[in-house]
*Asks:* 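Let me give you the structure first, and then I'll get to my questions.
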Amino acid sequence: MKQRFLTLLGLLALLAPLSIQAQEEVKIGRQNITVKDGRMTPEALWAMGRISSYAASPDGKKIVYQVGYYSVKHNKSHHVLYVMESPLPTSPQGGGVLLTKSDKNETDPAWLDNETIAFITCGEIWTMKADGSDRRQVSQTDGSIEGFKFSPDRQKVIVLKSIPFHGSIQENPSDLPKATGRLVTDLMYRHWDHYVESILHPFVCSVGDGFAIANDGVDILEGEPYECPMEPFGGMEQLDWSTDSKCIAYTCRKKTGVAYSISTDSDIYIYNIGTRATTNLCKPADYVAPEVEPTKTLRTQAVNAEENLKNMPGYDQNPKFSPDGRYVAWLSMARDGYESDRQRLCLYDLTTGEKKFLTETFDSNVDDFCWAHDAKTIYFIGVWHATENLYAVNLKSEVVQITDDWADWGSLQLMNNGKQLLMERHSYTAPADLYAVTPNTKKPEKTIITQLTQENKHILDQLQKPTVQQRWVKTTDGKDMLVWVILPINFDETKKYPTLLFCEGGPQSPVSQFWSYRWNFMIMASQGYVIVAPNRHGLPGFGSEWCEEISGDWTGQCMHDYLSAIDDAAQNLPFVDKDRLGAVGASFGGFSVYYLAGHHDKRFKCFIAHDGAFNLEAMYTETEENWFSNWEYDDAYWNSDRTANADKTYRNSPHRFIEKWDTPILCIHGEKDYRINATQGMSAFNAARMRGIEAQLLIFPDENHWVLKPQNGILWQRTYFNWLDRWLK
């Protein structure tokens, strides 16, 4: 919510920072909930605090971090900031001191020096001392700031602000201010969950005494109709300052309309503060983009290392300058139109112009990275065999694995003068907490890991943790597939349990040790279910060949893998009740459920599909990111010369097998889901009921591809388990 100061004090704030001495009490904070019988409930899940942004002070002695708390009663969240002393690796685990004393959200913390924290509240940048005192508003934009990053010398700051955009939706006449209609003139008129009538631009502003930010910011994309950061999930990680504070590296896909909708080709640019000149690091100056048929797949393009390095036609994002200023590294995908291509780490030498990929020997995705203090090593996280662990690569492309946990390590940054990494870690049985990692690249087994926060200890201590197991199952093409099996709490090996086949989304998202506030395996196990979660063909972490098997083959090997996993469990795990099996999933997992409903040969007793594609012909033109449909389906359904693979895809769309549906199904969908439109879930439900099949439709008018509001989240969980209990217990 934006806030405008209308008092004399607010007017004076235009000339000097505003110091606030007293603020309201926090209305939503850490939840104290009592759990019965050690079983996680939806209410306990939503009572947990959620750690997000975090940063270490320059000297590494303090850490500031953000936690979101959710009130089911008030149906809203409150984001607060904590600060804690950074312990040495041998120190006992600790927790933070609450800094936020207002009912306003405080987010995006960053250190300006060892004693000063910058953050956002009400769309403005504020500063405070590390103990929470001396709060000052240092920006004056009427609440329009959505992100910031100060330069290393603290003389400049990048601020993100939205500007009007009418490239796809025409501006309504000024004499019709209450008109709600939108005249659409091109594609990408809506993205993820909103209509695109504004785009983010980065502005460079001067910083004065007391970190006061001037209002004379320069739009580094002035006059350009492109967004930076990129929709729908990009943030400040897509921009970085050079070490000398003279340049900014930023991510941008400089396309609009149809061209934007069919391409993933984004680039890394360098903007010179002094000259205001921009250089593209990904493409030569004489590069001319090839013409592309909007309805044709780009999947036949070859992965040619030399050509990829020259023109870099895929996703390139998240640049980071090396500490010595010589290099820029970023995440890079090789092929245009493929949003799930293998994500490599690219290195650019600013002195020679040479580019190279550093992680060719790591046949999976680099998900995040940071430079070591000496500028000779890069630490990164990536998924392999269904876990997300920490690795290091030197400039000779030699990769070393540092951690080997049944867990997922999250984003990372240097701390303690480069001696340690500040990281986030979670798993199937533990939500995110912060850790200090002292890496040892020569002897990884000597790496020291220290837990820093225990945000939800007061809840977790009341809960029984399920047992997590791994199985390797033979697929129908003779390969070995890793399958997670999660056992119910109070597990009794002499009993038989209802069992859920979990179908992953993406379609190329790993079934690693994620912690979810919807698809949470711990709460499913607490409700007495065995979960079978296969890492089917099409998932990263098992090599590129395995991962790419699914592209253009949504109903082939991956569906055989699902059935192989559940058949193995039913036949070889004595505690699995083969007469009480269910299949559940979201997104591509929802599509999988719709397809399996017509091809399961009476294995399952019920289904749940959330935000799944049901009719692929309709999906082709309904989704906003058309590169996805082109890549996955091969071709438009109306093309008479469409490929045999495209023809197979459309012939195997789930809606064509409704006559074989014979099992109760719950369909869930959000009406603000513009990736997979709500008509898909409605169509599936309507078809099931017209066939006389027991079915329910849980529709959320105000949710997107996810369910984000507390009361909707509780309703989701209750509906989910009521449906499962009805048919499997």
Side-chain angles (χ1 to χ4, degrees), residues 31 33 35-52 68-70 72 77 386-388 406-408 410 424-433 455-457 459-469 484-491 497-506 509-534 582-587 589-590 593 608-611 666 668 698 700 703 705-725 728:
Q31 307 286 312
I33 190 170
V35 177
K36 295 181 179 179
D37 305 322
R39 296 182 182 274
M40 185 185 293
T41 62
E43 290 75 15
L45 185 63
W46 275 85
M48 292 184 177
R50 307 183 191 184
I51 294 176
S52 50
Y69 296 114
Y70 292 78
V72 174
S77 62
T387 57
E388 186 99 12
W406 275 18
D408 280 4
E424 173 264 315
R425 181 185 184 274
H426 56 264
S427 69
Y428 288 154
T429 59
D433 268 306
E455 173 59 37
N456 295 295
K457 184 178 187 299
I459 298 176
L460 294 173
D461 283 350
Q462 302 179 65
L463 299 174
Q464 298 185 50
K465 288 188 176 182
T467 300
V468 179
Q469 301 177 342
W484 293 108
V485 178
I486 299 90
L487 305 181
I489 63 170
N490 301 318
F491 177 71
Y497 293 89
T499 299
L500 306 177
L501 172 68
F502 173 74
C503 302
E504 174 66 356
S509 300
V511 183
S512 56
Q513 284 277 324
F514 60 81
W515 176 271
S516 171
Y517 287 91
R518 282 170 304 283
W519 299 93
N520 185 286
F521 292 164
M522 188 167 169
I523 193 172
M524 296 180 201
S526 289
Q527 302 304 314
Y529 290 94
V530 173
I531 303 98
V532 175
V584 301
S587 197
V593 168
I608 299 178
H610 179 156
D611 287 359
L666 167 64
I668 307 174
L698 177 58
F700 293 104
E703 299 285 6
H705 202 58
W706 301 326
V707 178
L708 304 177
K709 295 178 174 61
Q711 291 194 12
N712 283 343
I714 297 291
L715 178 61
W716 190 98
Q717 294 283 359
R718 290 179 183 175
T719 304
Y720 179 88
F721 286 113
N722 285 342
W723 185 257
L724 293 177
D725 292 351
L728 301 182

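We count residues from 1, following the sequence as given.
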*Asks:* Do the non-hydrogen side-chain atoms of His610 and Trp716 ever get within less than 4.5 Å of each other?
*Replies:*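 Heavy-atom side-chain distance check passes, below 4.5 Å.
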
*Asks:* So do His426 and Pro431 actually touch side chain to side chain, heavy atoms under 4.5 Å?
*Replies:*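 Not touching, per the 4.5 Å side-chain cut-off.
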
*Asks:* Determine whether the side chains of His705 and Ser587 contain a donor N or O and an acceptor N or O closer than 3.5 Å.
*Replies:* yes

*Asks:* Which heavy atom of Met48 sits nearest to which heavy atom of Leu460, and what is that distance?
*Replies:* CE-CD2, 3.8 Å

*Asks:* Going through the checks in order, is the side chain to side chain contact (heavy atoms under 4.5 Å, CB included) test met by Thr387 and Ser512?
*Replies:* CA-CA 5 Å; Thr387 57; Ser512 56; 5.6 Å; no

*Asks:* In chain order, what residues pass the ring-ring contact (aromatic ring centres under 6.0 Å, His included) check against Tyr529, with sequence neighbours excluded?
*Replies:*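 For Tyr529, no residue satisfies ring-ring contact (aromatic ring centres under 6.0 Å, His included) once neighbours in sequence are set aside.
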
*Asks:* Between Arg518 and Trp706, is there a donor-acceptor pair closer than 3.5 Å when you use the side chain of the first and the backbone of the second?
*Replies:*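 Checking the backbone N and O of Trp706 against the side chain of Arg518, no donor-acceptor pair under 3.5 Å is found.
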
*Asks:* If you compare all heavy atoms of Val511 against all heavy atoms of Ala533, which two are closest, and at what distance to 0.1 Å?
*Replies:* CG1-CB, 3.8 Å

*Asks:* With side chains defined as the heavy atoms from C-beta onward, is the minimum distance between Val530 and Ile486 less than 4.5 Å?
*Replies:* no

*Asks:* State, with a plain yes or no, whether a side-chain heavy atom of Trp515 is found less than 4.5 Å away from one of Met522.
*Replies:*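 In short, these two side chains touch, coming nearer than 4.5 Å.
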
*Asks:* Could I get the full list of salt bridge (charged side-chain N to carboxylate O under 4.0 Å, His left out) partners for Lys465, not counting sequence neighbours?
*Replies:*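 Lys465: no salt bridge (charged side-chain N to carboxylate O under 4.0 Å, His left out) contacts found.
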
*Asks:* Angle class for the Trp519/Tyr720 ring planes (parallel below 30°, perpendicular above 60°, tilted otherwise)?
*Replies:* perpendicular

*Asks:* Taking Gln527 for its side chain and Met40 for its backbone only, find out whether a donor-acceptor pair lies under 3.5 Å.
*Replies:*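 Confirmed, Gln527 side chain pairs with Met40 backbone.
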
*Asks:* I'd like to know if the side chain of Gln513 pairs up with that of Asp408 as donor and acceptor (distance under 3.5 Å, no hydrogens or angles considered).
*Replies:*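 Looking only at side-chain atoms, Asp408 and Gln513 do not form any donor-acceptor pair under 3.5 Å.
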
*Asks:* Starting from the C-alpha separation in whole Å, work towards a yes-or-no answer on ring-ring contact (aromatic ring centres under 6.0 Å, His included) for Phe491 and Tyr497.
*Replies:* CA-CA 9 Å; Phe491 177 71; Tyr497 293 89; 5.5 Å; yes

*Asks:* Between Glu455 and Lys457, is any pair of side-chain heavy atoms under 4.5 Å apart?
*Replies:*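 No, their side chains stay 4.5 Å or more apart.
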
*Asks:* With a 4.5 Å heavy-atom cut-off, do Ile51 and Asp433 have their side chains touching?
*Replies:*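 In short, these two side chains touch, coming nearer than 4.5 Å.
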
*Asks:* Using modelled atom types and a 3.5 Å cut-off, is there a donor and acceptor pairing between side-chain atoms of Arg50 and backbone atoms of Gly68?
*Replies:* no

*Asks:* List in chain and number order the residues that pass side-chain hydrogen bond (donor to acceptor under 3.5 Å, both in side chains) with Ser509, two or more places apart in sequence or in another chain; answer none if no residue qualifies.
*Replies:*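 Listed in chain order: nothing, the list is empty.
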
*Asks:* With side chains defined as the heavy atoms from C-beta onward, is the minimum distance between Phe521 and Trp484 less than 4.5 Å?
*Replies:*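 Of all side-chain heavy-atom pairs linking Trp484 with Phe521, none is under 4.5 Å.
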
*Asks:* Should Glu43 and Arg718 count as an ion pair when the cut-off is N to O under 4.0 Å?
*Replies:* yes

*Asks:* Indicate yes or no: at least one non-hydrogen side-chain atom of Leu500 is less than 4.5 angstrom from one of Ile608.
*Replies:* no

*Asks:* Okay, side chain of Glu703, backbone of Lys709: is any donor-acceptor separation there less than 3.5 Å?
*Replies:*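 Yes; judged by distance alone, with no hydrogens or angles, the pair exists.
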
*Asks:* Of Leu724, Leu666, Ile531, which meets side-chain contact (heavy atoms from CB on, under 4.5 Å) against Val584?
*Replies:*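 That would be Leu724; it is the only one of Leu724, Leu666, Ile531 passing the side-chain contact (heavy atoms from CB on, under 4.5 Å) with Val584.
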
